[in-house]
Amino acid sequence: MASFPSLFTSSSLLFLLFLLLPCTAYYGGARRPFSHHRHPRFASHNYRDALAKSIIFFEGQRSGKLPHNQRITWRKDSGLSDGAAMHVDLVGGYYDAGDNVKFGFPMAFTTTMLSWSVIEFGGLMKGELQNAREAIRWGTDYLLKATAHPNTIYVQVGDAGKDHACWERPEDMDTPRTVVKIDQNTPGTEVAAETAAALAAASVVFRRCDPNYSKVLARRAIKVFEFADKHRGAYSTGLRPYVCPYYCDFSGYQDELLWGAAWLHKATRNPMYLNYIQANGQTLGADESDNTFGWDNKHVGARILLSKAFLVQNVQPLHDYKSHADNYICSLIPGTPYTTAQYTPGPHSCNHPTSPPLDDD
């Protein structure tokens, strides 16, 4: 089972690393800049077209009542009764990968990464910026529905086992639309904190273009994070029959709490989140050397995000996060002594020694 394809999960993060934290190499104890040679294939790729296709992909994954400006016209309305089994409205959101299940955990992470991409590179997206915002809003509108009831988050729609046994279009699906939730009795800190991160990140995206919506997202993010932190428990323990082996969380929920707090710090500018990070960073794995980043483990992403707060806003208590981020950056950039990543001609990073293998589908 492949994880939900995050639009810029690897490419935008690598671009972020180049922009935010220039790497220096170590030679015999001395720091010297490394030399980086432009790959001859880079100039031949049409990245504008790649960006457009990446964003329109999400329109093909839409669930619910499709809008009049839907560009993939062969996709029609689907999942219009989602949530009815629990008497809630869960229409909308995104289908996962090539199936018709809506998994809240990877969907929230995808929304966070889409938002981060627009925050950092929206000014370069030109004609695709509005399409990217609409892709984010399609996700956050659904996450607002999923978090509408206090201390409850609806984290999945669909029976993954039965869905995967029957390959069919969402418009024609006749498999059960099982609704799965987390609450105080069955916590899921990973998915709750990631949902808070998604809402917080999206609130930054809409801060200027739709300030009222931005405030709604920020307020909900605060409440969802409070729930995630107060009612701690592993998502894939209490809900194991539903979420495993599809999206079992192997890294624990500590990384999501740090990641969620980092996004709330950026979105709200409330010093309480900086205090939270300072007080809990060590126990949440801030110093761990886990150089992976994806829907399961967000430690690297949190370090990069907090490093920018240190570099741009001069938030001195976050200085140590830059050092950890430097180590990760140098492990990715070709030409440095500590490079551990290998690249395809694309170039796409692959075979990182601490990264899980890519799924096939």
Side-chain angles (χ1 to χ4, degrees), residues 13 16 20-21 105 108-109 111-120 136 140 143-144 147 150-151 153 182 187-208 211 213-233 235 251-288 290 293 297-325:
L13 180 63
L16 270 171
L20 304 181
L21 298 164
F105 191 22
F109 175 67
T111 304
T112 308
M113 291 305 299
L114 276 166
S115 298
W116 198 2
S117 300
V118 170
I119 291 167
E120 297 296 341
I136 294 166
T140 52
L143 294 177
L144 288 173
T147 58
N151 295 325
I153 303 178
I182 59 172
T189 301
E190 303 95 325
V191 65
E194 182 59 60
T195 301
L199 294 168
S203 76
V204 179
V205 171
F206 294 103
R207 183 175 286 160
R208 293 184 179 179
Y213 188 61
S214 174
K215 291 175 184 177
V216 169
L217 294 172
R219 285 194 294 266
R220 185 64 59 81
I222 291 169
K223 292 181 179 179
V224 172
F225 186 79
E226 288 175 355
F227 166 70
D229 191 41
K230 182 178 180 181
H231 302 286
R232 296 191 183 189
Y235 160 71
S251 66
Y253 55 72
Q254 290 80 6
D255 55 305
E256 278 84 15
L257 285 173
L258 185 63
W259 172 245
W263 275 111
L264 279 160
H265 172 254
K266 182 175 180 65
T268 67
R269 302 166 185 166
N270 188 325
M272 69 176 285
Y273 295 107
L274 178 59
N275 295 336
Y276 178 93
I277 291 166
Q278 288 181 267
N280 298 282
Q282 300 302 312
T283 59
L284 297 181
D287 287 338
E288 293 182 13
D290 46 349
F293 184 53
N297 192 328
K298 286 85 177 200
H299 274 137
V300 165
R303 291 174 194 137
I304 299 297
L305 186 63
L306 294 172
S307 295
K308 186 175 182 183
F310 164 73
L311 289 169
V312 177
Q313 301 169 352
N314 197 30
V315 183
Q316 289 299 319
L318 300 177
H319 175 272
D320 290 345
Y321 288 90
K322 178 185 178 299
S323 299
H324 291 294

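For the residue pair Asn314/Gln316, the side-chain donor-acceptor check at 3.5 Å is satisfied. Looking at Thr140 and Tyr213, their side chains do bring a donor and an acceptor atom within 3.5 Å of each other. Side-chain polar atoms of Thr147 and Arg220 form a donor-acceptor pair below 3.5 angstrom.
The two atoms that bring Ser115 and Ala198 nearest to each other are OG-O, 4.5 Å, heavy atoms only. Closest approach of Glu190 and Gly233 over heavy atoms only: OE1-O, 3.6 Å. The two residues Pro187 and Arg232 make their nearest non-hydrogen contact at CG-O, 3.8 Å. Between Arg303 and Ala286 the shortest heavy-atom distance is NE-O, 3.2 Å. Heavy atoms only, all atoms of each residue included: Leu318 and Leu306 are closest at CD1-O, 3.6 Å. Considering all non-hydrogen atoms of both residues, Ala192 and Ala228 come closest at CB-CB, 3.5 Å.
Looking at Asn297, its side chain never comes within 3.5 Å of a backbone N or O of Phe293 through a donor-acceptor pair.
How far CZ of Phe105 is from CD1 of Ile153: 11.5 Å, rounded to the nearest 0.5 Å. Here the CG atom belonging to Leu114 is positioned 5.5 Å from the CD1 atom belonging to Ile136, to the nearest 0.5 angstrom. For the atom pair Ser307 OG and His324 NE2, the distance stands at 9.5 Å (nearest 0.5 Å). Considering CG of Leu217 and CG of Leu143, their distance stands at 9.0 Å, rounded to 0.5 Å. Atoms CG and OG1, on Asp229 and Thr189 in that order, are 8.0 Å from each other to the nearest 0.5 Å.
Arg219 meets the salt bridge (Lys or Arg N to Asp or Glu O under 4.0 Å) test with no other residue; sequence neighbours excluded.
Aromatic pair Tyr321/Phe310: ring centres not closer than 6.0 Å.
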**Request:** Could you walk me through whether Tyr273 and Ile222 pass the side chain to side chain contact (heavy atoms under 4.5 Å, CB included) test, one step at a time?
**Result:** CA-CA 10 Å; Tyr273 295 107; Ile222 291 169; 3.5 Å; yes

**Prompt:** When you look at Leu284 and Tyr253, which way does the side chain to side chain contact (heavy atoms under 4.5 Å, CB included) test go after all the steps?
**Reply:** CA-CA 8 Å; Leu284 297 181; Tyr253 55 72; 6.0 Å; no

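Side chains of Trp116 and Ile304 form a contact here, defined as non-hydrogen atoms less than 4.5 Å apart.
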Which pairs of donor and acceptor atoms, one on a side chain in residues 256-270, lie under 3.5 Å apart (sequence neighbours left out)?
unit_1 : atom_1 : unit_2 : atom_2 : d
Glu256 : OE2    : Lys298 : NZ     : 2.8
Trp259 : NE1    : Glu194 : OE1    : 3.0
Trp259 : NE1    : Glu194 : OE2    : 3.2
Thr268 : OG1    : Leu264 : O      : 2.6
Thr268 : OG1    : Asn270 : N      : 3.2
Asn270 : OD1    : Met272 : N      : 2.9

